[in-house]
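The structure under discussion appears below in the form of structure tokens.
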There are 2 protein chains.
Amino acid sequence: MKNYELVLHRVEADLAAGRLRIGGRLPGERTLAEQLGISRPSVREAVRVLEAMGVVRTATGSGPEAGAVIVAEPVSPLTAVLRLHLATNHLPMGDVVQTRLLLESWSAREAAARELGAGELKVAEELLDRMDDAGLSPEEFHLLDAEFHVALSGLAGNVLIAAVMTSLRSAIHGYVLAAVPNLPDWEATAVGLRSEHRAILAAVRGGEPEHAAELVTAHIRGFYQAAQLTPFGGTQRGAAEAEDDDRADDEVK
Amino acid sequence: MKNYELVLHRVEADLAAGRLRIGGRLPGERTLAEQLGISRPSVREAVRVLEAMGVVRTATGSGPEAGAVIVAEPVSPLTAVLRLHLATNHLPMGDVVQTRLLLESWSAREAAARELGAGELKVAEELLDRMDDAGLSPEEFHLLDAEFHVALSGLAGNVLIAAVMTSLRSAIHGYVLAAVPNLPDWEATAVGLRSEHRAILAAVRGGEPEHAAELVTAHIRGFYQAAQLTPFGGTQRGAAEAEDDDRADDEVK
DNA sequence: CTACCGGTGTGGTCGGACCACAGGATAGGG
DNA sequence: CCCTATCCTGTGGTCCGACCACACCGGTAG
């Protein structure tokens, strides 16, 4: 058992038992080290892990905001894990896009099935309004687009799926942006995307689950096909080739 | 910019550029510290984070197995994040179960749609055979059950979804096990589960996507209802109440 | 040729030290 | 009496140097 794990278990147990709650603070690193009979560096390693997991937020200084404060931020760790594993090429981008498709169509169906008030739809609505600005660059447009899709998936009321969706979008962002030049006519595409967004939102507002899900699916598929990205039919794998590709023994040594 | 992030960015960049690949090794902690102009403790914090993210595996000693070896293990970090955030009570178990239902039914549909050879189904098959043993305790049975469901979701060929499913099962495990006493008749339930599993596998083998998905959905819903767990209709939220519940100012101070 | 046994490099841990930062206590001036 | 400027204190952030346990690997004695 490595020493820093003592801290992780301690914190998890305290959380589960209610001794630690959101907004609460961890004891100081020195205190924690003494309590657990380990050194401060070990404690620090654990705190770093907790920070990376989105469980604490550290800040220097004094006062209630300083120290290691318990938070609940599942999105950043998910995003980080996703990005790192995409970088290893053992996580095919096609799988990520496929997952996004699944989560989003489900979210749209679920959101449409709920009875949503105008207030809940307002955020998404405003995003669409901002996307009508013709002066937006593809990057700005796509950022708003991502926000809209994330907001939509949040309307289904499942915080886990919403968190995963947010991470997926972040991971995909650079990928899809790099494919914009593949589009035959960006302006025409943007017009199409705008109207599709409006239609999706209308279906959600109107309480048409199946229709909303279909629109979302077509919307996403359509864009990826137009940008000549990920084939959805096959299961193209980036991992397998990378593995065969192992010849180079050019390690730093 | 914190110092340990230098290491994270360096490693991510090296991964993306192909300078680091699975099976490769990070430079030694001392070397890395010198290269980046930071201290060894800072490097160690970063390595700990990478380890927690499932990107490296550290080992002491000498030889090719020692040091920080690049791996691709997305399951453990996902599981850890899930467990920690469940512990904070800001991640409703109902959402987790709902997500599981979504991923599994999709996986079953997808797996049935593919043309799977007998070899690919063999693992799942063997698990079912082992579950026929009448002497299994509920815990042992449920472990095999979880393995079967995970194996099934792996047949869809999406490594991301399979990884997430594995994590979800781990997170759910204790929860569902604690509900076994709610069942009116464990033995009868086990018999039902066994036959449902066989039916699901048959639908997958027979290439009946919709049927497989329906069977999986019914299978999961049925069990949770029998065990009087998570209502699927409403969106019961554990988070909201926990927030209101904030009165206690009994922080350690 | 074989078996033993240090050398060497790896991560794991520790203690102590210093810094930057931010809030709060305190002493000073108005 | 109140307000303000200053110092004190506690926090994380970083670093250094040291020692340990471990596992391979090569030299050496048998």
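In what follows, chains are A, B, ... by sequence order, proteins preceding strands, each numbered from 1.
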Residue-level proximity of residues 65-75 of chain B to DNA chain D when a heavy atom falls under 4.0 Å: none

Strand-adjacent residues in residues 42-61 of chain A, judged by heavy atoms under 4.0 Å from DNA chain D: R44(A), R48(A), T58(A), A59(A), T60(A), G61(A)

Side-chain donor-acceptor distances from residues 55-62 of chain A under 3.5 Å, at least two apart:
| unit_1 | atom_1 | unit_2 | atom_2 | d |
| --- | --- | --- | --- | --- |
| T58(A) | OG1 | E51(A) | OE2 | 3.0 |

Minimal non-hydrogen separation, A33(B) against R40(B), with atom names: CB-N, 3.8 Å

Heavy-atom check, side chain of E12(B) versus side chain of R83(A), under 4.5 Å: yes

Run the side chain to side chain contact (heavy atoms under 4.5 Å, CB included) test against [X] and tell me which residues pass, sequence neighbours left out.
| X | value |
| --- | --- |
| A179(A) | N182(A), A227(A), L229(A) |
| D133(A) | L136(A) |
| V75(B) | E73(B), T79(B), A163(B), T166(B), S167(B) |
| A151(A) | L127(A) |

Atom-pair distance ([atom1] on [X]; [atom2] on [N]), nearest Å:
| X | N | atom1 | atom2 | value |
| --- | --- | --- | --- | --- |
| L32(A) | dG10(D) | CG | C1' | 16 Å |
| R25(B) | dT10(C) | CZ | C1' | 8 Å |
| N3(B) | dC16(D) | CG | P | 11 Å |
| M1(B) | dT14(D) | CE | P | 11 Å |

Y224(B) versus R100(B), side-chain donor and acceptor atoms under 3.5 Å: yes

Output a table of nitrogen or oxygen pairs between the protein and nucleotides 25-27 of chain D separated by less than 3.5 Å.
none

R19(B): partners by side-chain hydrogen bond (donor to acceptor under 3.5 Å, both in side chains), with sequence neighbours left out: D14(B)

Under the side-chain hydrogen bond (donor to acceptor under 3.5 Å, both in side chains) test, residues paired with E125(A) that sit two or more places apart: R205(A)

Pair listing, salt bridge (charged side-chain N to carboxylate O under 4.0 Å, His left out) test, anchored in residues 138-156 of chain A, at least two apart: D145(A)-R169(A)

Exceeds 12 heavy-atom contacts within 6.0 angstrom, atom CD of E34(B): no

H85(A) and H90(A): CA distance, side-chain angles, deciding distance, ring pair (Phe, Tyr, Trp, His ring centres under 6.0 Å) verdict: CA-CA 7 Å; H85(A) 285 273; H90(A) 272 242; 9.2 Å; no

Can you give me the N/O atom pairs linking the protein to nucleotides 15-17 of chain C at distances under 3.5 Å, or say none if there are none?
| unit_1 | atom_1 | unit_2 | atom_2 | d |
| --- | --- | --- | --- | --- |
| dA17(C) | N6 | R40(A) | NH1 | 3.3 |

Options dG12(D), dC15(D), dG12(C), nucleotide nearest the side-chain atoms of E29(B): dG12(C)

